[in-house]
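What follows is a set of notes on a single structure, which appears directly below.
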Amino acid sequence: MDNEAKQDKFTAVNELARRRGFFWQSYEIYGGAGGFVTYGPLGARLKQNIEAKLRELFVTKLGILELESAVIAPGKVFEASGHVDHFKEPMVECSQCHKRFRADHLLEEYAKKSCVETEKMSLDEIQQALEKNGITCPDCGGTFKPPQRFLTMFETTIGPYSGAVGYGRPEAAQGIFVEFNRLYAVAREKLPFGVIQIGHALRNEISPRQGLIRLREFTIADLEFFFDPEEPGCCLLKNVENETLRLYLAEERLKCSEKTIDVTVKEAVAKQLIRSEWQAFFMAMAKKLLTEIGVPPEKQRFIEKTQWEKAHYASQSFDQEVYVDRWGWIEVSGHAYRTDFDLSSHMKASGVDMRVYKEYKTPVEKEELVVKPIMAKLGPAFKKEAAKVAELLQKAPADEVAASLEKQGFYMVESYKILPEHVDITKQKTVVRGTRFIPHVVEPSFGCDRLFYVALEYAYGVKDDRVVMSFPRSIAPMQVGVYPLVSKDGLVEKAREVHRLLANEGFMAEFDETGSIGRRYARADEAGVPLGITIDYDTLSDGTVTIRDRDSWRQVRSSLKDLPALLHKYFQGKINFEDLGTLLPSK
RNA sequence: GCGGUCGUCGUCUAGUUGGUUUAGGACACAAGCCUUCCAAGCUUGCGAUCCCGGGUUCGAAUCCCGGCGACCGCACCA
């Protein structure tokens with residue numbers, strides 16, 4: 001299978017995808033536009049099924065809330081979140097060789113500026129700093145053109161006349177943070193809770209290549225999980241504690257070592273390799289997801305981001321990577337501990353309190369001295385000033401007042417001399433029942449188009465020179481094919497009847513009567529249809545059909561009347577192919 | 001954005017020293033015949049203004065310029 005023109009899987013998968021309608025580049029009739037794709041019938045279905053997996057895993061099974069928010073946001077949202085600053089990178093271009101560089105990186109490297117410093121610099125300041133330090137093109141020594149900012153967010157104006165700037169969201173997360181107060185109320189004001197949003201996001205990439213791996217418009221699934229930083233324990237960790245994770249730690253990467261370690265979730269948490277229990281939990285869930293869409297565990301790993309690589313909001317973060325044929329390890333999900341960065345930022349920018357109230361388990365009783373002015377005495381003593389004096393007294397520190405009265409027999413508040421008989425000093429018990437705080441956030445974030453791509457690549461296989469897309473049955477875009485063995489003697493009519501039956505039972509079923517039976521099986525294998533139902537002469541006489549397995553090409557014989565129930569069980573993963581009927585001898 | 005290579009039916013491609021090319025083939029697809037289980041065979045059909053725009057020329061798929069797109073390298077990827 002590899003003697004001639006050994007094309008890589010990326011090429012093979014893309015070609016198949018175009019031919020069979022999984023996906024292709026958008027706007028082809030106008031020459032195409034980089035970074036945009038169209039999912040065809042099989043692809044749209046497959047993508048929905050993958051997203052359904054995410055929902056099943058998080059929404060159905062864990063009770064994570066789902067949200068759908070707008071793609072366009074007012075400028076303030078992404079100013080507050082830090083994206084406007086962080087998506088706008090200062091770049092300089094060499095006037096001789098036209099190579100482009102990140103101006104801030106040059107300053108950090110050659111002028112020993114810190115990234116905190118460069119962050120704050122204006123374009124003019126950057127230019128001056130470059131000139132002052134005599135920084136020229138590292139490649140050819142040429143001088144730089146004036147620096148410019150490249151904004152990787154899509155910018156627009158909201159409304160026809162206003163200058164109100166709006167941005168296409170580069171992630172779905174902010175749509176969750178800005179709605180936090182309502183979501184928290186809907187979640188019945190209980191922590192921890194999580195919210196997921198699966199939707200389109202936009203990033204105006206400088207040069208999107210790599211097909212589905214880097215797009216300008218893509219589907220992201222951001223899950224924000226809110227919890228109390230004082231109770232960071234994960235109540236679900238037990239369920240996954242023996243799951244192993246392959247970690248590629250930052251310290252190994254800094255040593256330029258390729259060493260990865262396999263640890264159980266339990267160990268990773270115990271050794272503080274993963275500092276948040278919830279983060280560890282979601283990493284285990286992410287591994288489960290990838291495994292379920294067909295990526296073997298040994299082709300997955302979690303790479304810890306170094307200090308430099310981490311997002312502006314993250315405390316510790318890992319990328320889940322999958323090994324692909326052409327590029328090696330590529331990111332499919334990110335796992336960041338965002339602390340309270342986002343909610344704090346929006347609180348500060350909007351002025352809206354997003355803290356949550358926590359009642360103490362046992363109310364804290366405090367005993368403190370209280371100075372109570374006795375108005376009956378203050379009135380005669382200070383006349384018109386009495387009210388003011390009382391007010392001042394209440395603000396004064398009670399301890400000081402008490403000490404002064406005791407020692408010196410009086411207390412001076414401004415120019416007023418307070419005598420012991422003017423006030424009543426008592427010990428008062430106050431009960432503090434709770435406190436307010438900003439929840440912390442752990443965020444797993446999946447690139448759905450990348451999940452889609454790795455699902456395609458790992459499904460791709462060649463058997464007897466035929467392409468077989470071995471999707472896990474739970475995500476296969478087409479579930480069953482129904483075929484008359486030959487197109488005569490009433491077999492076609494019977495097959496149509498079976499097809500209708502299955503379609504009405506809720507299966508994604510296709511009907512195909514053209515070409516030889518072998519050709520139809522081959523076509524179905526290429527579309528990744530797990531089961532083929534073939535109607536033959538025995539079907540007419542005894543009501544049985546053959547069921548063909550896409551991956552092994554084995555066949556079983558089964559009664560038509562049992563078929564719907566059997567297929568339901570099969571697609572729910574409760575039974576295997578052999579359980580569908582009696583095995584026929586393979587030819 | 002820069003540099004290199006490239007762009008012909010749905011897919012893969014022949015042709016590219018400018019001229020019988022109404023751009024050829026294979027696979028796929030469709031209709032029919034045949035066919036009792038893995039891309040069989042036969043017949044017929046559908047399908048490409050040769051990526052787009054401009055230029056040179058009597059004549060351009062072929063040469064030149066610009067654009068778009070793809071791949072590889074650099075840079076970028078929060």
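Note on naming: letters A, B, ... go to the chains in the order of the sequence lines (proteins, then strands), and numbering restarts at 1 for each one.
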*Under a 3.5 Å cut-off for both distances, is B:C58 Watson-Crick or wobble paired, and to whom?*
B:G19
*What does B:C2 pair with, Watson-Crick or G-U, if both distances are under 3.5 Å?*
B:G73
_Between the base of B:C77 and the side chain of A:E205, is one N or O donor paired with an acceptor at under 3.5 angstrom?_
no
*asked:* Checking side-chain polar atoms at under 3.5 Å, does A:Y39 have a donor or acceptor matched by the opposite partner on A:D449?
replied: yes
_P gap between B:A70 and B:A23, integer Å_ = 30 Å
_Ignoring hydrogens and geometry beyond distance, is a side-chain donor-acceptor pair present between A:E457 and A:Y453 at under 3.5 Å?_
yes
*Donor-acceptor pair under 3.5 Å: do we get one between A:R19's side chain and the base of B:C12?*
no
*Nucleotide B:U36, atom C1' - distance to CG of A:L485 in whole Å*: 5 Å
*Polar side-chain contact A:D536-B:C37 base: donor and acceptor under 3.5 Å*: yes
*Looking at A:E217 and A:R203, does any basic side-chain N land under 4.0 Å from a carboxylate oxygen?*
no
*Considering only the P atoms, how many Å lie between B:A26 and B:C42, rounded to the nearest integer?*
11 Å
_Whole-Å P distance, B:G53 and B:C9_ = 15 Å
*Toward the 5' end of RNA chain B, which comes first, A:W327 or A:E526, by nearest nucleotide?*
A:E526
*Can you tell me, in whole Å, how much space there is between the P of B:C77 and that of B:U49?*
41 Å
_Mate of B:C37 where both pairing distances stay under 3.5 Å, Watson-Crick or G-U_ = none
*Between atom CD1 in A:I517 and atom P in B:A39, what is the gap in whole Å?*
11 Å
*What interatomic distance, in whole Å, is found between P of B:U8 and the corresponding atom of B:A14?*
10 Å
*Across the strands shown, which category fits A:T514 at heavy-atom distances under 4.0 angstrom: base, sugar-phosphate, nothing?*
sugar-phosphate
_A:R519 (side chain) and B:C38 (base): donor-acceptor pair under 3.5 Å_ = no
*From the options B:U35, B:C37, B:C38, select the nucleotide whose nearest atom is closest to the side chain of A:R557.*
B:C37
*To the nearest Å, how far apart are A:Y521 OH and B:A40 C1'?*
16 Å
*Using a heavy-atom cut-off of under 4.0 Å over every strand shown, decide if A:R326 touches base, sugar-phosphate, or nothing.*
sugar-phosphate
*So what does A:Q555 hit on the nucleic acid, given a heavy-atom distance under 4.0 Å: a base, only sugar-phosphate, or nothing?*
base
*Determine, step by step, whether A:Y521 and A:Y483 satisfy the ring pair (Phe, Tyr, Trp, His ring centres under 6.0 Å) criterion, reporting the C-alpha distance in whole Å, the side-chain angles of both residues, the deciding distance to 0.1 Å, and the verdict.*
CA-CA 9 Å; A:Y521 287 153; A:Y483 317 112; 5.8 Å; yes
*asked:* Does the structure show a Watson-Crick or G-U wobble partner for B:U11, both distances under 3.5 Å? Name it, or say none.
replied: B:A26
_When the P atoms of B:C51 and B:G15 are compared, how many Å lie between them, rounded to an integer?_
16 Å
_Separation of B:A75 P from A:R214 CZ (nearest whole Å)_ = 13 Å
*Can you check the A:E217 CD to B:C77 P distance for me, whole Å?*
22 Å
*If you measure only the distance, is there a donor-acceptor pair under 3.5 Å linking the side chains of A:S445 and A:D222?*
yes
*C1' atom, B:C33 versus B:U11: distance in rounded Å?*
27 Å
*asked:* Say we look at B:U5 and B:G25: how far apart would their C1' atoms be, to the nearest angstrom?
replied: 26 Å
*What is the distance from CG of A:L531 to P of B:C38, rounded to the nearest Å?*
18 Å
*When you match A:S516 and A:T534 each to their closest nucleotide on RNA chain B, which lands nearer the 5' end?*
A:T534
_Given B:C37, B:A39, B:U35, identify the nucleotide with an atom nearest to the side chain of A:S487._
B:U35
*B:G53 pairs with which nucleotide, Watson-Crick or G-U wobble, both distances below 3.5 Å?*
B:C65
*Give the rounded distance in Å between these two atoms: CG of A:D512 and C1' of B:A30.*
12 Å
_Parallel, tilted or perpendicular: which one describes the rings of A:F446 and A:H335, with boundaries at 30° and 60°?_
perpendicular
_Classify A:R203 by what it touches in the nucleic acid, base, sugar-phosphate, or nothing, heavy-atom distance under 4.0 Å._
base
_At less than 3.5 Å, do the side-chain atoms of A:Y483 and the base atoms of B:C37 form a donor-acceptor pair?_
no
_Can you measure A:R466 atom CZ to B:C27 atom C1' for me and round it to whole angstrom units?_
15 Å
*Indicate whether any N or O donor in one side chain lies under 3.5 Å from an N or O acceptor in the other, for A:Q25 and A:E28.*
no
